[in-house]
A.B. asks: 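Can you keep this structure in mind? I'll have questions shortly.
Every heavy atom of this structure was used, including side-chain atoms; hydrogens, water molecules and symmetry mates were not. Proteins come first, then strands; the chains are lettered A, B, ... in the order of their sequence lines, and each starts at number 1.
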Amino acid sequence: MPIPRPAPQAARVIAHVDMDCFYVQVEQRKKPELRGLPTAVVQYNAWKGGGLIAVGYEARKFGVKRSMRGDEAKEVCPDIQLIQVPVARGKADLKSYRDAGSEVVSILSAKGRCERASIDEVYLDLTDAAESMLSETPPEMLESIEKEALKSHVLGLTDDGKENEENVRRWLCQDDADHEDKLLACGAIIVSQLRIQVLEETQFTCSAGIAHNKMLAKLASAMHKPAQQTVVPTSCVKDLLASLPVKKMKQLGGKLGSSLQSDLGVQTVGDLLQFSVEKLQERYGTNTGSWLWNIARGISGEEVESRLLPKSHGCGKTFPGPQALKSIASVEHWLNQLCEELSERIQYDLDQNKRIAHTLTLHAGAFMYNEKESQRKFPSKSCQLRYGIAKMQEDAKKLFDSGLRDFVCPHNNRWGITSLSVSASKILDIPSGTCSISSFFQGKDCHSLSSSGSIGFNHDQSLPSPSGNKICTTPMYDMLQLRPSCEKICDGHDTSKQNKTLDGRGTSLKKRKGKEPGSILRYFQGCDFSAKQVFDGSSQMNSESYVDLDATKHQRRHLLCGDNDNDRIHEEQTMPTRTAWHLNVEDIDPSVIDELPLEIQREVRGWLHPPKRVQAAKHCSQITQYFLPAKKS
DNA sequence: CATTATGAGCCG
DNA sequence: TCGGCTCAT
């Protein structure tokens, strides 16, 4: 369960945006002739027509449900269009859906803090935007409230269909309302605008909930689908929860929810109100008990985390029934496929977002023939992640062998593997910016490099750094022993998590400005040659290396202006430039790092190893703060 | 051993 | 920190 948090002191405006049958929409955008037809996305159609993973609304009318088999869907809806998920390397390939999700995030993240909750859901904290609207152009002053906003569903408002828009208009504009309700009204208008923008720029529809916390926003987004939005004023929360079945609440759909029903006789969330916090804590522990007590009252202080990118990448495949893998060779084959995909994905993350994954984990599902004690699970194993397909494959095999040794018993070692997956986690930004490399190159300590200074770049200009000092030339290229093959990037930097690439296609990204140069690239650009020239001359770069000259110009302007603040938080979302300086992490010779100046060593090692981070205190100080009454106006 | 593939997060 | 487990879609 989430750690219970006290409700924030001031009212927030939180939105949950949920794409409607997202995979279906992505496929329908690819093939517009599918629009309007009953459609579902299916994977692996060999066995009983495959499994449905997304169902369009036209098909739902026929009773088609997610996770039906394709054959069943055909029975209830003979005309259904079953679209297969893209397949690569013998497995489902979800890249097109991830990319489409990124398009949406890049639009939704413009108006406030944005948390990518899943491939097709985001949370937004629109408090500031709503407060601003309220103080500058409050709804009652708006000439015409957008049509889409008028289509909002406002819980507690009599929704009589015909005159609903007029009711909503009155609610959105009511002058004597609570400050909190007015904020929600502004939130609803903002969200309606965002949803329209998403539709215009991506062709995707979505639904949304607008409330004072994440829990209620999530509940509301599901209430009116597809392509609608729902507002949850504080005044309706009690009634809403009183009739809400516990299993419908996020986090209560599993064993905990079942326990509430069977052990406490709780049927609705409102039923929880009868139990003291002590009682709930006694049975479910301090944290979960407090959390339950809070949600019964509609209280949830969970923050919208600022995160546009996933924290891990994983890929896996199941081998059900007779397909279970029974030989080391077949296991290795599939590990190779999975590692290929994972390598591609973390390399893409590195290129686009300047993030390095540090941990590789292998998971497997397994069984043993004729062994009673074979209840054991195949243990998951992890190790330091090394970039490069072959290295990852090698490491994954070692992890599997290690797990298998733990799994099998000495004698009876007939096993079967029913699932395999590899994942990359502990993904950290490449540290740069403030730090050593840029300050080093900007003239502090030139001499420590001069000993090896003759190698590498052969240019005789050294331009003034912003501070007016001479920038040293450096054989960084040689020192890092760049080689082609799988490249690591170290150009633009970004310490702000907001400044990440969302997709590589540039869709709807063109208005965003280029970001500032990363430390190393900035150095190169400070000199009067471009990274492109360097690489073109080196003959060491593969075809993926390229430089966006416009971005370079843009960056140089910053440089010439003496804009040296790499840690500045941009008000506007910025996208990384395409300027790329590719090199292979694995091809950095550790012995060479030792020869670098100490402060550079620290930075380069930072790329390779997670920096120690101070553990943030995250304990709730006082239980008592959970018992604050729900904030009312 | 037929709800897959992928995520996030808590706990010991 | 790692590995196990839960929950979600």
A.B. asks: Would you tell me if any nitrogen or oxygen in the side chain of A:R98 comes within less than 4.0 Å of OP1 or OP2 on B:dA5?
C.D. replies: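 No, because none of the side-chain N or O atoms of A:R98 sits under 4.0 Å from OP1 or OP2 of B:dA5.
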A.B. asks: I'd like to know if the side chain of A:S102 reaches the main chain of A:R98, judged simply by a donor and an acceptor atom lying under 3.5 Å from each other, with no hydrogens or angles considered.
C.D. replies: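 Answer holds: yes.
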A.B. asks: From the set B:dT4, B:dA2, B:dC1, return the single nucleotide nearest to any side-chain atom of A:I53.
C.D. replies: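 Given the options B:dT4, B:dA2, B:dC1, the side chain of A:I53 is closest to B:dT4.
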A.B. asks: For A:K65, which contact category applies under a 4.0 Å heavy-atom criterion: base, sugar-phosphate, or nothing?
C.D. replies: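 Result for A:K65 = nothing.
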A.B. asks: Compare the minimum distances between each of C:dC2, B:dT4, C:dC7 and the side chain of A:L256, then state the nucleotide with the smallest one.
C.D. replies: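 In terms of side-chain proximity for A:L256, the closest of C:dC2, B:dT4, C:dC7 is C:dC7.
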A.B. asks: Tell me whether the side-chain N/O atoms of A:K426 come closer than 4.0 Å to OP1 or OP2 in C:dT1.
C.D. replies: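 No, no such contact exists.
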A.B. asks: So which heavy atom on A:S290 is nearest to which on A:Q281, and how close?
C.D. replies: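 In terms of heavy atoms, the two residues are closest at OG-NE2, 2.7 Å.
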A.B. asks: Relative to A:Y369, does A:K326 satisfy both conditions: NZ or CZ under 6.0 angstrom from the six-membered ring centre, and within 45 degrees of the ring's axis?
C.D. replies: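 So A:K326 doesn't make the cation-pi contact.
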A.B. asks: At 4.0 Å (heavy atoms only), tell me whether A:K250 reaches a base, stays on the sugar-phosphate, or touches nothing.
C.D. replies: sugar-phosphate
A.B. asks: Starting from the 5' end of DNA chain B, give me the residue, A:A92 or A:P310, whose nearest nucleotide shows up first.
C.D. replies: A:A92
A.B. asks: Hey, does A:Q43 reach any base, or is it just sugar-phosphate, or nothing, if we go heavy atoms under 4.0 Å?
C.D. replies: base
A.B. asks: Classify A:S118 by what it touches in the nucleic acid, base, sugar-phosphate, or nothing, heavy-atom distance under 4.0 Å.
C.D. replies: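 The answer is nothing, as A:S118 stays clear of every strand by at least 4.0 Å.
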A.B. asks: Considering only atom P, compute the distance from C:dT9 to B:dC1 and round it to an integer number of Å.
C.D. replies: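 About 25 Å, rounded to a whole number of Å.
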A.B. asks: Which nucleotide sits closest to the side chain of A:S67: B:dA2, B:dG7, B:dT3?
C.D. replies: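 Looking only at side-chain atoms, A:S67 lies closest to B:dT3.
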A.B. asks: Can the positive tip of A:R60 be found less than 6.0 Å from the middle of the six-membered ring of A:Y57, inside 45° of the ring normal?
C.D. replies: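 Checked: cation-pi criterion met.
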